[in-house]
Visitor: 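Here it is, the structure, as structure tokens.
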Amino acid sequence: MAATDLERFSNEEKRNLALGGHVGFDSLPDQLVSKSVTQGFSFNILCVGETGIGKSTLMNTLFNTTFETEEASHYESAVRLRPRTYDLQESNVHLKLTIVDAVGFGDQINKDESYRPIVEYIDTQFENYLQEELKIRRSLFNYHDTRIHVCLYFITPTGHSLKSLDLVTMKKLDSKVNIIPIIAKADTISKSELHKFKIKIMSELVSNGVQIYQFPTDDEAVAEINSVMNAHLPFAVVGSTEEVKVGNKLVRARQYPWGVVQVENESHCDFVKLREMLIRVNMEDLREQTHTRHYELYRRCKLEEMGFKDTDPDSQPFSLQETYETKRKEFLGELQRKEEEMRQMFVNKVKETEAELKEKERELHEKFEHLKRIHQEEKRKVEEKRRELEDEMNAFNRRKVAVETLQSQSLQATSQQPLKKDKDKKNFFSLPSACSITSGRYVN
Ligand code: GTP
Ligand code: MG
């Protein structure tokens, strides 16, 4: 199709036509509902608040059940995220609910990094979803979506102001998740103090540029209630799973020596408002916002980081194929450069090692020659000594033979001339050689 034809086709006005009878596409919304019901829903809540602030009690109160809870210790060395998933059913609607607890939040002496594991957890869930989306064979239909739809931020009821940890954490989270701030254990703060505390919290959030979730006012059906509820934020809640008899009715409440705080009594706390806004009116909007705002932002940043763009520098549409080819070329070029660098490094290393080995060989050779010379010198000396000793031995033997000859001669003479014996003996012992022979060294 020529370009002009295409333009004409896309600019062509759509015409309204009347149907001659019932066709049936008015059942589309019903089909959607039926499909969604069959598929079931998932909803993921992140609870951030200090240890023992009432997170688990509030979850139990909100869903009117008892979730698995185990008390967190105050000695965690860092914040740790603990997700737990439950299958709930109300009428014929199945809800896969995941409650993620930020265990150990606010318990460390140095709280500078407390927000990090929470941000990382949220990002990991986005990343898992993105990876599923990028697969060639994706199965988003039955994918367990673990992206966090809402973060209930539990504020400690000090009556003063937000802690810097609260502000830093909410600021780090606000572009990643829908934050609903709530004042926990609101029964521990008086009515007038609570009013001032709420105003203080909201002004601190505004002055620090923290974006909290605003209940949507664009849908006429809920615009009014949502705008009223926006003015009530942050909700001051009380949690309890205990049932107390008030009048002739059993209600969920906290009983004190001076009276009873009823969880579902709107003049006692904002629990009902929270439940209404979180579950009954805006649950789908929270899911939608997560997908269209927070996940979209994550996806965009991630794809841009990977080098994908929608337009080139001249604002012309950029095709995915071109981006892929450019990236591939860049990658191959880089790979080649790295390979060459490594090859050069290897050659240099081999050269260095070779030189080192040669030097070592030369040193060894020198050492060997030196030792050889010493050995020869010593051998020569030993040889000389041996010769000297041999000479000495020969001289000795000669003297020994001479002495023996003399002895035998003198013995013969003694036997023939006994009178001359004394004289000869005298002569013999006056011989200098005789002295040396009998002087111990050569006598065994
Ligand atoms: P960890 O999971 O251990 O961090 O605690 P948590 O935040 O889940 O608190 P949890 O719900 O276990 O409650 C801790 C204590 O606070 C319990 O004794 C609750 O009964 C009490 N508690 C819970 N909610 C409220 C409340 O609204 N008001 C008051 N006064 N006490 C509450
Ligand atoms: Mg708990």
Visitor: Using a strict threshold of under 4.0 Å (side-chain N to carboxylate O), is an ion pair present between E132 and K135?
Guide: yes
Visitor: Is it the case that R84 places NZ or CZ above or below the six-membered ring of F67, under 6.0 angstrom from the centre and within 45 degrees of the axis?
Guide: no
Visitor: A side-chain contact here means heavy atoms from C-beta on lying under 4.5 Å apart; do Y295 and L130 qualify?
Guide: yes
Visitor: Nearest 0.5 Å please: distance from the CD1 atom of I148 over to the CZ atom of F126.
Guide: 8.5 Å
Visitor: Please find the pair of heavy atoms, one from L58 and one from F271, that lie closest to each other, and give the distance.
Guide: CD1-CD1, 3.9 Å
Visitor: Filter on side-chain hydrogen bond (donor to acceptor under 3.5 Å, both in side chains), then keep only pairs touching residues 340-352, sequence neighbours left out; what's left?
Guide: R337-E341, E340-R343
Visitor: Atom CD of residue position E361 - does it have more than 12 heavy atoms of other residues, nucleotides or ligands inside 6.0 Å?
Guide: no
Visitor: Could you check if a side-chain atom of L250 sits within less than 4.5 angstrom of a side-chain atom of E243, using non-hydrogen atoms only?
Guide: yes
Visitor: When you measure from the side chain of N110 to the backbone N and O of D112, does any donor-acceptor pair fall under 3.5 Å?
Guide: yes
Visitor: Would a 4.5 Å heavy-atom cut-off, applied to side chains only, mark N230 and T217 as touching?
Guide: yes
Visitor: Heavy atoms only: give me the nearest G49-K55 pair and the separation to one decimal.
Guide: O-NZ, 3.1 Å
Visitor: Should the pair K172 and Y115 be classed as cation-pi, given the thresholds of under 6.0 Å to the six-membered ring centre and 45° from the axis?
Guide: yes
Visitor: Looking only at heavy atoms, which two atoms of K302 and E127 are closest? And how far apart?
Guide: CE-OE1, 3.4 Å
Visitor: Tell me, yes or no, whether the heavy-atom count around F331 atom CZ, taken from other residues, nucleotides or ligands under 6.0 Å, exceeds 12.
Guide: no
Visitor: Please identify each residue that fulfils side-chain hydrogen bond (donor to acceptor under 3.5 Å, both in side chains) with T98, with sequence neighbours left out.
Guide: N44, T85
Visitor: S91: what forms a side chain to side chain contact (heavy atoms under 4.5 Å, CB included) with it, not counting sequence neighbours?
Guide: none
Visitor: Output yes when R362 and E366 qualify as a salt bridge under the 4.0 Å nitrogen-oxygen rule, no when they do not.
Guide: yes
Visitor: How about T241 and N60: does a side-chain donor come under 3.5 Å of a side-chain acceptor?
Guide: no
Visitor: Other residues, nucleotides and ligands only: do more than 12 of their heavy atoms fall within 6.0 Å of NE2 on H144?
Guide: yes
Visitor: Please tabulate, for the side chains in residues 221-229, all donor-acceptor contacts under 3.5 angstrom to protein atoms that are two or more places apart in sequence or on a different chain.
Guide:
residue, atom, partner, partner atom, Å
N226, OD1, N282, ND2, 3.2
N226, ND2, P216, O, 2.7
N226, ND2, N282, OD1, 3.1
S227, OG, A223, O, 3.1
S227, OG, E224, O, 3.0

Visitor: Is any side-chain heavy atom of I212 closer than 4.5 Å to a side-chain heavy atom of D174?
Guide: no
Visitor: Please find the pair of heavy atoms, one from V260 and one from A253, that lie closest to each other, and give the distance.
Guide: CG1-CB, 3.4 Å
Visitor: Who pairs with S161 by side chain to side chain contact (heavy atoms under 4.5 Å, CB included), at least two apart in sequence or on another chain?
Guide: K200, E204
Visitor: Hey, mind stepping through E264 and R252 against salt bridge (Lys or Arg N to Asp or Glu O under 4.0 Å) and telling me if it holds?
Guide: CA-CA 7 Å; E264 293 178 63; R252 279 184 296 169; 2.9 Å; yes
Visitor: Is there a side-chain contact between T146 and P83 in this structure, where contact means two heavy atoms from C-beta onward sitting under 4.5 Å apart?
Guide: no
Visitor: Counting N and O atoms only, with roles assigned by atom type, does the side chain of T57 sit under 3.5 Å from a partner on the main chain of S240, one being a donor and the other an acceptor?
Guide: no
Visitor: Does this structure show an ion pair linking E266 with K273, if we count only N-O contacts that are shorter than 4.0 Å?
Guide: yes
Visitor: Between E50 and K111, does any side-chain N to carboxylate O distance fall below 4.0 Å?
Guide: no
Visitor: In terms of side-chain heavy atoms, does T292 have a donor or acceptor partner in E288 at a distance below 3.5 Å?
Guide: no
Visitor: Do you know which two heavy atoms are closest between S42 and R287, and how far apart they sit?
Guide: O-NH1, 2.8 Å
Visitor: Just wondering, do F235 and M277 contact through their side chains at under 4.5 Å, heavy atoms?
Guide: yes
Visitor: For G239 versus V263, what's the shortest heavy-atom pair and its separation?
Guide: C-CG2, 4.2 Å
Visitor: For H160, which residues count as a side chain to side chain contact (heavy atoms under 4.5 Å, CB included) partner, sequence neighbours excluded?
Guide: T158
Visitor: The criterion is side chain to side chain contact (heavy atoms under 4.5 Å, CB included); which residues satisfy it with V23, sequence neighbours excluded?
Guide: L19, F25
Visitor: State plainly whether the residues E383 and R386 are in salt-bridge range, i.e. N to O under 4.0 Å.
Guide: yes
Visitor: The criterion is salt bridge (Lys or Arg N to Asp or Glu O under 4.0 Å); which residues satisfy it with E242, sequence neighbours excluded?
Guide: none
Visitor: Below 30° counts as parallel, above 60° as perpendicular, anything between as tilted: where do the rings of Y129 and Y143 land?
Guide: perpendicular
Visitor: Tell me whether E334 is salt-bridged to K338, with the criterion being a basic N under 4.0 Å from an acidic carboxylate O.
Guide: yes
Visitor: Partners of R254 by salt bridge (Lys or Arg N to Asp or Glu O under 4.0 Å), sequence neighbours excluded?
Guide: D187
Visitor: Just so I know, are the side chains of I53 and P157 near enough to count as touching, which here means a heavy-atom distance under 4.5 Å?
Guide: yes
Visitor: Donor-acceptor pairs under 3.5 Å, side chain of residues 175-185 to any protein atom, not counting sequence neighbours: which ones?
Guide:
residue, atom, partner, partner atom, Å
K176, NZ, D123, OD1, 2.9
K176, NZ, D123, OD2, 3.3
N178, OD1, H294, NE2, 2.9
N178, ND2, H149, O, 2.8
N178, ND2, L286, O, 3.2
N178, ND2, T290, OG1, 3.3
K185, NZ, G52, O, 2.8

Visitor: Under 6.0 Å from the CD atom of Q336, do we count more than 12 heavy atoms belonging to anything else shown?
Guide: no
Visitor: Indicate yes or no for a side-chain donor-acceptor contact from S34 to the backbone of D30 under 3.5 Å, with no hydrogens or angles considered.
Guide: no
Visitor: Apply ring-ring contact (aromatic ring centres under 6.0 Å, His included) to H94 and list each qualifying residue two or more places apart in sequence or on a separate chain.
Guide: none
Visitor: I'd like to know if E384 pairs up with K381 as an ion pair, taking the criterion as any Lys NZ or Arg NE/NH1/NH2 lying under 4.0 Å from an Asp or Glu carboxylate oxygen.
Guide: no
Visitor: Could you give the distance from SG (C269) to NZ (K191), rounded to the nearest 0.5 Å?
Guide: 12.0 Å
Visitor: Considering residues at least two apart in sequence or located in another chain, which fulfil the ring-ring contact (aromatic ring centres under 6.0 Å, His included) criterion with Y256?
Guide: W258
Visitor: Quick one, Q108 and E76 - any side-chain contact, counting heavy atoms below 4.5 Å?
Guide: yes
Visitor: In terms of heavy-atom contacts, does CD of E363 have more than 12 from other residues, nucleotides or ligands at under 6.0 Å?
Guide: yes
